[in-house]
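Each ligand, and each atom within it, is numbered from 1 in the order the structure gives. Starting from 1, each residue takes its place in the sequence as its number. Computation of the quantities below employed the complete heavy-atom set of this structure, encompassing side-chain atoms and omitting hydrogens, waters and symmetry-equivalent molecules.
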Amino acid sequence: MQVIILNSASQVAVHAALRVKSLIDEKPDSVLGLATGSTPIALYKQLVNLYRKGELSFAQVKSFNLDEYFDIAPDNPQSYRYFMTKNLFKHIDIDHNNTYLPTCFIGQNPRVEAAAFEKNIQLAGGVDLQILGLGANGHIGFNEPTSSLGSRTRVKSLTPQTIKDNSRLFEQGEYQPDMAMTMGIATILDSRNLLLMATGLNKAKAVKQMITGPLSAMCPASALQMHRDAVVLLDREAASELDNTEYFSWVNEQNTRLNNEFGFYS
Ligand code: F6R
């Protein structure tokens with residue numbers, strides 16, 4: 001796991017965008033894994049800017065989102081489809097038919113829908129780069145603590161903490177789903193590259209557990225320790241509970257030299 005500590009959340013977004021751009025420059029038909037939530041919004045703004053400046057095209061890109069609420073209509077402003085359209089898809093040249101979210105509605109068999117989502121990832125050739133945020137409780141996607149580290153796409157019940165954390169996004173009295181379909185941890189680990197972004201003090205504890213804690217289902221993000229090419233981008237606040245920040249900075253200097261010479265993905 002490569003840990004990169006930057007001064008601010010906006011630097012995290014700029015750096016993440018550079019990595020996405022570098023991948024698409026190298027492989028225009030890249031398969032991106034996308035996330036929702038507050039953290040990637042600044043990244044999506046950067047990508048939209050690059051597209052508007054003519055420096056990046058998504059015309060051949062396919063995307064697979066990590067998760068979607070159970071039984072939510074795509075035009076519901078709370079749906080992750082709506083979020084992605086609003087923050088990214090409608091501003092860039094991606095083909096809507098190449099954007100996938102793990103949906104499941106009442107009356108559909110969740111196992112069949114989950115298997116179809118996994119199959120579509122395989123048919124696309126697998127995910128090249130999965131963008132991840134981090135839950136304050138260590139979740140990735142909607143893989144909450146105690147999720148199997150070998151899990152695949154499936155319907156999950158959300159924990160009370162996640163429901164509470166996300167309640168800020170819902171109006172008083174508005175229906176808030178308590179289940180979601182999410183890529184599993186094993187599905188995420190199948191991605192060729194992982195890029196997790198975490199910013200802000202409220203992520204500091206989960207960041208420490210993810211990077212230096214034991215590999216444990218109690219911190220699903222600790223599964224990144226098992227991945228060959230996982231990069232973690234942090235701002236100073238999110239990194240504030242780590243003891244060995246000087247070591248990470250030192251390693252990062254070496255890696256920056258290598259990346260400048262050989263690129264991020266060679
Ligand atoms: C959403 C997702 C979640 C978020 C996490 C952090 O697609 O995968 O795991 O990444 O809940 O959310 P924010 O960025 O809002 O703190």
| query | Considering only the protein, which heavy-atom contact is closest to atom 16 (O) of ligand 1, and what is its distance? | reply | K203 NZ, 2.6 Å
| request: May I ask you to identify the nearest protein heavy atom to atom 15 (O) of ligand 1, giving residue, atom name and distance to one decimal place in Å? | output: S38 N, 2.8 Å
| Of the backbone atoms (N, CA, C, O) and the side-chain heavy atoms from C-beta on, which set of T182 has a member under 4.0 Å from an atom of ligand 1: side chain, backbone, both, or neither? | neither
| said: Heavy-atom distances under 4.0 Å decide this one: backbone, side chain, both or neither, for M197 against ligand 1? | reply: neither
| What residue and heavy atom of the protein are closest to atom 11 (O) of ligand 1, and at what distance? | H139 NE2, 2.7 Å
| request: Decide whether the shortest distance between a heavy atom of R168 and an atom of ligand 1 is less than 4.0 Å. | output: yes
| Shortest protein heavy-atom distance from atom 14 (O) of ligand 1, along with the residue and atom involved | T39 OG1, 2.5 Å
| field | Identity and distance of the protein heavy atom lying nearest atom 10 (O) of ligand 1 | value | G133 CA, 3.2 Å
| query | In the protein, what heavy atom is nearest to atom 1 (C) of ligand 1, and what distance, to one decimal place, separates them? | reply | T36 OG1, 3.1 Å
| task | Note the single closest protein heavy atom to atom 6 (C) of ligand 1, along with its residue, its atom name and the distance in Å. | result | L134 O, 3.4 Å
| What residue and atom, counting heavy atoms only, is the protein's closest point to atom 3 (C) of ligand 1, and at what distance? | G141 O, 3.6 Å
| Under 3.5 Å: donor-acceptor pair, side chain of N143, backbone of I140 | yes
